Amino acid sequence: MITMKVAIIGSGYVGLVTGTCLADIGHEVICIDNNEEKINTLKKGEIPIYEPGLKKKVNKNVKEGRISFSTKIKQGIDNSEVIFIAVGTPPRDDGSADLVYVENVAREIAEHMDTYKVIVEKSTVPVQTGEWVKKTLQKYGKTGVEFDVVSNPEFLREGSAIKDFLNPDRIVIGVSSKKAELIMKKLYSPIDSPIVVTDIKSAEIIKHASNSFLATKISFINAVAEICEKTGADVNLVAKGMGLDTRIGPRFLRAGIGYGGSCFPKDVDAFVHISDKVGYDFKLLKEVQKINKHKRSSFVKKIQDKMWILKDKKIGVWGLSFKPNTDDMREAPSLDIINALQKEGAKVKAHCPGGMENAGELLSNVDFKDCPYETVKDCEALVLVTEWDHFKNADLKKVRNHMKSPVIFDGRNVFEPNKMKELGFEYHSVGR
Ligand code: NAD
């Protein structure tokens with residue numbers, strides 16, 4: 001087994017999973033974060049985020065001495081050959097990526113770096129960031145200390161992050177030297193997957209282009225859903241018929257209320273922004289953004305059209321996190337939908353297996369319930385926002401009996417319309 005010394009700076013969703021998985025394949029990893037509370041939680045054997053299987057893997061690798069946690073960046077840099085930057089790159093008001101955390105970390109690395117290091121951009125960053133990281137390291141670093149910058153974008157999905165990291169469709173490595181290429185190949189050698197080696201700028205674009213393409217697929221089927229709804233066709237059947245064509249594929253063809261989360265909205269925004277900056281008007285992606293926004297508002301309009309007055313009506317919401325199996329509430333459609341329902345005077349109760357704690361900080365006047373059936377009790381409508389299995393497998397007779405009037409607005413097309421009719425529900429979904 002090859003053991004390399006690795007530091008991860010930024011121990012959030014991506015950093016912690018990257019560090020844990022690299023430790024799990026045999027490397028010696030130190031995960032750094034400037035959030036003291038996060039590091040203390042990790043030191044106590046607890047995990048600050050909800051990610052299936054992560055706690056077990058972290059604890060195993062701590063026990064076997066391959067992973068440790070610290071707030072001290074110097075400690076990580078001194079002891080490591082490969083240093084990952086995995087800090088957040090949140091959106092700014094104009095849609096561009098905020099690179100202030102990346103710059104801060106690059107400066108800190110420069111100040112402490114005494115021997116050759118490979119500095120890896122793991123965060124999602126716009127094309128040409130690698131050049132800025134290199135300039136920053138040169139400007140603030142000690143003379144004569146060599147380094148290489150590498151772009152190694154991450155494609156994991158929250159909810160299946162460990163599996164995605166350890167069994168990726170591909171590993172992308174953008175390099176400007178053979179030495180860095182070999183080090184990165186050695187690092188990933190225990191993982192059996194194709195490695196795509198490119199220049200740094202191409203690797204940066206691969207990440208933005210991939211997420212933008214997936215978002216385009218979602219907005220495409222959501223636009224098709226509009227036509228289906230207006231003509232009496234069923235978008236789920238249309239997607240099935242399209243998806244079996246191997247040139248198209250079935251994934252990301254599920255109609256619903258659109259994408260959210262910490263990646264798609266911000267990465268599409270950032271790609272549009274960088275395109276504008278370099279003089280290309282990426283109209284296709286601007287339309288993708290527009291369709292996605294429209295899905296949320298048209299879903300609320302549908303609820304209003306069917307329920308007429310919302311004031312003082314109790315509405316139950318199932319699912320708050322932006323997708324199942326995560327606690328991540330960033331850009332979650334539930335936020336816009338609940339705010340819009342409350343603006344009309346509705347009284348909202350909500351349940352989510354993962355998102356309630358974080359949602360509590362972002363929403364007000366929502367009655368959070370621990371049980372899906374308590375959530376729908378005496379409600380005049382149930383709004384399904386996130387398709388957790390928990391809801392897919394719910395006892396629908398019990399749901400019907402708990403509700404004041406059995407009306408469901410299914411934003412994820414989880415249930416079968418005919419079956420819902422048989423069960424006595426007034427059932428509304430998307431594009432069918
Ligand atoms: P996150 O907010 O969960 O984690 C970022 C961490 O960096 C935080 O814990 C923060 O405290 C820490 N940090 C910030 N500045 C620091 C500093 N100066 N020193 C040490 N630590 C610092 O973010 P995330 O979801 O892990 O995303 C990180 C990057 O990975 C982003 O660019 C994101 O776009 C990209 N990405 C995310 C996902 C995902 O599913 N979350 C998937 C692929 C790529």
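By convention here, the first residue in the shown sequence is residue 1. The structure presented is a predicted model; accordingly, all values stated were derived computationally and were not measured. All ligand and atom numbering here is 1-based and tracks the order in the structure.
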Short version for Ile73: what comes under 4.0 Å of ligand 1, heavy atoms counted, is neither
Euclidean distance, Cys352 SG relative to Phe368 CZ, rounded to 0.5 Å: 9.5 Å
Among all residues two or more places apart in sequence or in another chain, which pass the side-chain hydrogen bond (donor to acceptor under 3.5 Å, both in side chains) test with Ser219? none
So which of [options] gets nearest to [atom], if we judge by its closest heavy atom?
atom: atom 40 (O) of ligand 1; options: Lys266, Arg330, Glu158; value: Glu158
atom: atom 16 (C) of ligand 1; options: Asn34, Asp267, Ile8; value: Asn34
atom: atom 1 (P) of ligand 1; options: Gly261, Ala270, Gly12, Cys31; value: Gly12

Sequence neighbours left out, what passes side-chain contact (heavy atoms from CB on, under 4.5 Å) with Ala110? Give chain and number order. Leu137, Tyr140
Give the numbers and elements of all ligand 1 atoms closer than 4.0 Å to a heavy atom of [X].
X: Ser262; value: 41 (N)
X: Ile9; value: 19 (N), 20 (C)
X: Ala86; value: 5 (C), 28 (C)
X: Lys38; value: 8 (C), 9 (O)
X: Gly10; value: 6 (C), 7 (O), 12 (C), 21 (N)
X: Val105; value: 17 (C), 18 (N)
X: Tyr13; value: 3 (O), 25 (O), 26 (O), 41 (N)
X: Ser123; value: 29 (C), 30 (O), 32 (O)

Counting neighbours of OH on Tyr116 that are heavy atoms of other residues, nucleotides or ligands and sit closer than 6.0 Å, is the number greater than 12? yes
Quick one: look up the protein heavy atom nearest [atom] and list residue, atom name and how far away it is.
atom: atom 31 (C) of ligand 1; value: Thr89 OG1, 3.5 Å
atom: atom 28 (C) of ligand 1; value: Val87 O, 3.4 Å
atom: atom 5 (C) of ligand 1; value: Gly88 N, 3.6 Å
atom: atom 44 (C) of ligand 1; value: Thr124 OG1, 3.5 Å
atom: atom 26 (O) of ligand 1; value: Val14 N, 2.9 Å
atom: atom 43 (C) of ligand 1; value: Glu154 O, 3.3 Å

With nothing but distance in play, are any N or O atoms of Asp33 less than 3.5 Å from an N or O of ligand 1? yes
Given the ring of Phe147, does Lys134 sit roughly above its face, with NZ or CZ under 6.0 Å from the centre of the six-membered ring and within 45° of the axis? no
Examine Arg330 relative to Phe322 and say whether NZ or CZ is less than 6.0 Å from the centre of the six-membered ring and inside a 45° cone about the ring axis. no
Electrostatic pair [X]-[Y], nearest N-O below 4.0 angstrom:
X: Lys286; Y: Asp281; result: yes
X: Lys55; Y: Glu46; result: yes
X: Asp148; Y: Lys117; result: no
X: Lys369; Y: Asp367; result: yes
X: Asp78; Y: Lys72; result: no

Test log, rule salt bridge (Lys or Arg N to Asp or Glu O under 4.0 Å), inputs Lys122 and Glu154: CA-CA 6 Å; Lys122 192 53 140 174; Glu154 183 50 55; 2.8 Å; yes
